Amino acid sequence: MAKTHRHPGRKANMIRSELIQKIADENPHLYQRDVERIVNTVFEEVTDAMARGDRVELRGFGAFSVKKRDARTGRNPRTGETVEVEEKHVPFFKTGKLLRDRLNGKA
């Protein structure tokens with residue numbers, strides 16, 4: 001099982017290298033360097049698609065998309081001063097039904 005990083009008061013996190021190691025451990029017929037290449041390619045393809053404004057759907061897991069946030073007037077929480085916040089694009093993830101069910105103990 002992959003190690004996870006623990007922080008006091010927080011749940012464990014899995015980083016990319018641990019994901020690669022877990023997949024390699026569960027698939028001894030694959031070289032770790034090939035698993036690393038596959039994982040990196042998947043992440044790069046998702047990132048490239050989102051950078052083009054495309055939506056990436058992984059059935060049962062969820063969908064990655066990009067949402068546009070309009071420019072607005074914000075407030076500096078420290079000083080209370082108003083500041084102009086530029087328009088920006090942010091990543092958005094919507095969970096799939098199978099993932100939601102599993103997280104809620106239904107699978």
Side-chain angles (χ1 to χ4, degrees):
M1 186 154 171
K3 292 183 289 182
T4 51
H5 295 282
R6 297 228 176 246
H7 301 281
R10 290 177 36 195
K11 300 233 180 206
N13 300 315
M14 178 181 280
I15 61 173
R16 184 186 306 222
S17 62
E18 292 167 344
L19 174 63
I20 291 166
Q21 186 63 55
K22 181 172 176 60
I23 294 170
D25 290 348
E26 291 178 2
N27 295 277
H29 60 286
L30 297 174
Y31 290 111
Q32 183 164 343
R33 69 176 179 268
D34 293 335
V35 172
E36 184 173 358
R37 191 174 303 132
I38 291 165
V39 169
N40 289 337
T41 299
V42 168
F43 288 147
E44 287 169 17
E45 290 300 319
V46 170
T47 301
D48 290 348
M50 290 177 67
R52 292 189 304 268
D54 295 342
R55 182 174 183 268
V56 177
E57 182 176 338
L58 303 172
R59 297 276 166 143
F61 183 72
F64 298 91
S65 60
V66 179
K67 291 199 175 205
K68 178 183 164 198
R69 293 222 176 122
D70 292 331
R72 62 183 174 83
T73 302
R75 194 169 293 282
N76 180 328
R78 194 177 310 171
T79 65
E81 178 184 353
T82 59
V83 292
E84 294 304 312
V85 179
E86 295 179 2
E87 167 188 298
K88 60 183 162 184
H89 294 86
V90 295
F92 180 76
F93 177 73
K94 181 177 179 183
T95 58
K97 184 178 182 333
L98 292 174
L99 177 57
R100 267 193 316 276
D101 287 349
R102 185 150 182 204
L103 293 177
N104 290 298
K106 296 178 183 176

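Remember, predicted model here, so these are calculated numbers, not experimental data. Scope of the values below: all heavy atoms of this structure, side chains included, with no hydrogens, waters or symmetry mates.
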Any chance CZ of Arg16 has more than 12 other-residue heavy atoms, nucleotides or ligands included, within less than 6.0 Å? yes
Whether Arg59 and Glu57 form a salt bridge (side-chain N of Lys/Arg under 4.0 Å from carboxylate O of Asp/Glu) is what I want to check. yes
Quickly, which of Asp48, Leu19, Ile38 forms a side-chain contact (heavy atoms from CB on, under 4.5 Å) with Phe43? Name it, please. Leu19
Just wondering, do Asn27 and Val35 contact through their side chains at under 4.5 Å, heavy atoms? no
Calculate, to the nearest 0.5 Å, the distance between atoms CG and CD belonging to Asp25 and Glu18 respectively. 11.5 Å
Would a single hydrophobic cluster contain both Tyr31 and Ile20, if residues Ile, Leu, Val, Met, Phe, Trp and Tyr are joined by side-chain heavy-atom contacts under 4.5 Å? no
For Val42, does its backbone N or O pair with a side-chain atom of Glu45 as donor and acceptor, under 3.5 Å? no
Atom pair CZ (Arg37) and CG (Asn40), whose distance is rounded to the nearest 0.5 Å: 9.5 Å
Counting distance only, does the side-chain N/O of Arg100 pair as donor-acceptor with the main-chain N or O of Thr95 below 3.5 Å? yes
Would you indicate whether Glu86, at its atom CD, is surrounded by more than 12 heavy atoms from other residues, nucleotides or ligands within a distance under 6.0 Å? no
Let's go through Lys22 and Glu26 carefully: what are the C-alpha distance in whole Å and the side-chain angles of both, what is the deciding distance for salt bridge (charged side-chain N to carboxylate O under 4.0 Å, His left out) to 0.1 Å, and is it a yes or a no? CA-CA 6 Å; Lys22 181 172 176 60; Glu26 291 178 2; 2.9 Å; yes
More than 12 heavy atoms of other residues, nucleotides or ligands under 6.0 Å from CZ of Arg102: is that the case? no
Minimal non-hydrogen separation, Phe64 against Leu58, with atom names: CE1-CD1, 4.0 Å
According to a 4.5 Å side-chain heavy-atom criterion applied to Ile, Leu, Val, Met, Phe, Trp and Tyr, with indirect links allowed, do Met14 and Phe93 form part of one hydrophobic cluster? no
Closest heavy-atom pair and its distance - Leu98, Gly60: CB-O, 3.3 Å
Tell me, with the steps shown, if Val83 and Arg75 meet side chain to side chain contact (heavy atoms under 4.5 Å, CB included). CA-CA 6 Å; Val83 292; Arg75 194 169 293 282; over 6 Å; no
Nearest atoms (heavy-atom pairs only) where Val66 meets His89: CG1-CB, 3.6 Å
In Å and rounded to the nearest 0.5 Å, what is the NZ to NZ distance from Lys94 to Lys67? 8.5 Å
When clusters are formed by joining ILVMFWY residues with side-chain heavy atoms under 4.5 Å apart, either directly or through shared neighbours, do Val39 and Val46 land in the same one? no
Using a strict 4.0 Å threshold on nitrogen-to-oxygen distance, state whether Arg72 and Asp70 make a salt bridge. no
